[in-house]
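Worth saying up front: this structure is predicted, and the values here are computed from it rather than measured.
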Amino acid sequence: MKDKLIVLSFALLLFGFFIVSIFDKDIEISISERRVLATFPTFSKEALWNGTFSDKLNTYTLDQFPLRETFRKTKNLFTSTVYQKKENHGSYIVKDTIFALDYKINEKSISHFTNIITSVQEKYFKDKNVYYSIIPDKNYYAPKGLFPELAYDDFYKQVRKQLPTSFHEIDLRSFLTLNSYYRTDLHWKQETLEPVVKQIQKEMGLNSTVFPSHSTTFFPFYGAYYSKGSNQIKADTITYLTSETIENTKVYNYEKQEFQLVHNPENKSHIDSYDIFLDGATSVLILENEHRRENRELILFRDSFGSSIAPLLLENYSKIILIDLRYFSSQLLLTIPEIDFEKDNLDILFLYSVPIINQSFTLK
């Protein structure tokens with residue numbers, strides 16, 4: 001009788017999940033995983049026979065399983081508390097912060113990176129002021145000895161050794177702290193970048209400017225590492241800064257062929273809320289500061305970190321052109337009419353983070 005009761009209970013449980021899955025509304029986005037969930041696949045005879053329908057149906061049932069998020073949280077909590085597992089899918093939790101494990105220097109990637117930016121400099125900006133800066137990932141500021149660490153000094157030395165002496169280095173390591181980064185994400189916080197901006201201004205011979213003080217804050221911000229935090233880490237708060245100059249700057253999205261805002265608060269609902277800053281990943285952006293009388297321009301070759309710091313340099317330039325070589329080939333720079341390669345008072349800054357330089361093969 002006991003066995004029959006167990007079997008019956010299990011059958012009723014499965015039937016209950018089946019009924020709930022039929023009538024329950026599908027979830028479009030998993031905020032904690034930062035991805036779009038699968039929807040019910042379109043049926044066709046061809047899809048049925050070639051197996052794609054069953055594959056997509058399997059993915060759909062896994063993504064839309066009732067109480068899926070609850071089961072995920074329970075599993076992660078059990079792993080971290082009962083098994084005391086510190087590492088989780090390539091990440092590490094220390095107190096209230098999630099770190100991604102990236103401790104091996106990729107020498108081929110460093111060579112690829114230095115070759116790319118050297119070729120750009122020699123082809124387009126040979127006689128201009130050229131600067132580069134490596135943004136340390138937040139592992140640099142993590143408590144020492146808790147998990148494998150990248151040999152940062154060797155990393156910086158390798159980059160420096162492979163670049164021509166015409167590249168002027170701006171070392172930012174002493175102007176950042178662990179608090180400069182989000183707890184659940186790899187990026188730095190815009191509101192903490194005043195020391196970084198001051199150092200860039202100093203090294204590039206720019207005037208020191210007043211750091212923006214007006215801020216807008218949103219909660220929650222689920223960073224790229226949030227899903228690896230065993231749901232123990234509280235979501236971040238994301239803040240963007242504005243000033244009269246920032247609010248009146250015209251931003252032209254060369255990819256979309258349209259104008260946009262420097263900061264777009266509507267993007268807080270995106271899978272990646274960091275898109276608040278200059279609309280996220282974009283190949284070419286042109287920031288026009290019409291209030292700046294001096295005709296000085298900056299070309300900023302950057303990754304996603306550049307989206308939050310570029311607005312803070314607007315007081316120094318009449319125009320800032322952001323180029324992301326992950327999405328735009330360096331061979332096509334001559335096709336952008338807004339760039340005047342012969343212009344006087346033109347500064348060039350290559351600003352890239354350690355993770356991108358260590359995995360640089362997306363740069364073209």
Given side chains that start at C-beta, do those of [X] and [Y] come closer than 4.5 Å, heavy atoms only?
{"X": "Phe218", "Y": "Ser273", "value": "no"}
{"X": "Val196", "Y": "Leu176", "value": "yes"}
{"X": "Leu150", "Y": "Asn139", "value": "no"}
{"X": "Lys343", "Y": "Glu297", "value": "yes"}

Problem set entry | From CA spacing to verdict: salt bridge (Lys or Arg N to Asp or Glu O under 4.0 Å), Arg296, Asp344 | CA-CA 8 Å; Arg296 188 165 186 156; Asp344 294 330; over 6 Å; no
Problem set entry | Pairs meeting criterion side chain to side chain donor-acceptor pair (under 3.5 Å) with involvement of residues 140-149, two or more places apart |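 Not a single pair qualifies under side chain to side chain donor-acceptor pair (under 3.5 Å).
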Exercise. Any link between Leu278 and Phe259 through a network of hydrophobic side chains (Ile, Leu, Val, Met, Phe, Trp, Tyr) touching at under 4.5 Å?
Worked result: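 Same cluster: Leu278 reaches Phe259 through Ile, Leu, Val, Met, Phe, Trp or Tyr contacts under 4.5 Å.
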Ring centroid separation for [X] and [Y], is it under 6.0 angstrom?
{"X": "Tyr181", "Y": "His187", "answer": "no"}
{"X": "Tyr132", "Y": "His168", "answer": "no"}
{"X": "Phe221", "Y": "Tyr182", "answer": "yes"}

Problem set entry | Quiz item: cation-pi between Arg173 and Tyr156, 6.0 Å / 45° |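 Arg173 over Tyr156 ring: yes.
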For this session: May I ask you to establish whether Lys138 and Phe99 are in a cation-pi arrangement, using a distance under 6.0 Å from NZ or CZ to the six-membered ring centre and at most 45° from the ring axis?
Result: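 Because its charged atom sits under 6.0 Å from the ring centre and within 45° of the axis, Lys138 does stack over Phe99.
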Exercise. Please, which pairs that meet ring-ring contact (aromatic ring centres under 6.0 Å, His included) have at least one residue in residues 191-210, sequence neighbours excluded?
Worked result: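 As it turns out, there is no ring-ring contact (aromatic ring centres under 6.0 Å, His included) pair with a partner in residues 191-210 once direct neighbours are skipped.
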Problem set entry | Any residue meeting side-chain contact (heavy atoms from CB on, under 4.5 Å) with Ser360, in chain and number order, not counting sequence neighbours |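 Listed in chain order: Ser109, His112, Phe113, Leu363.
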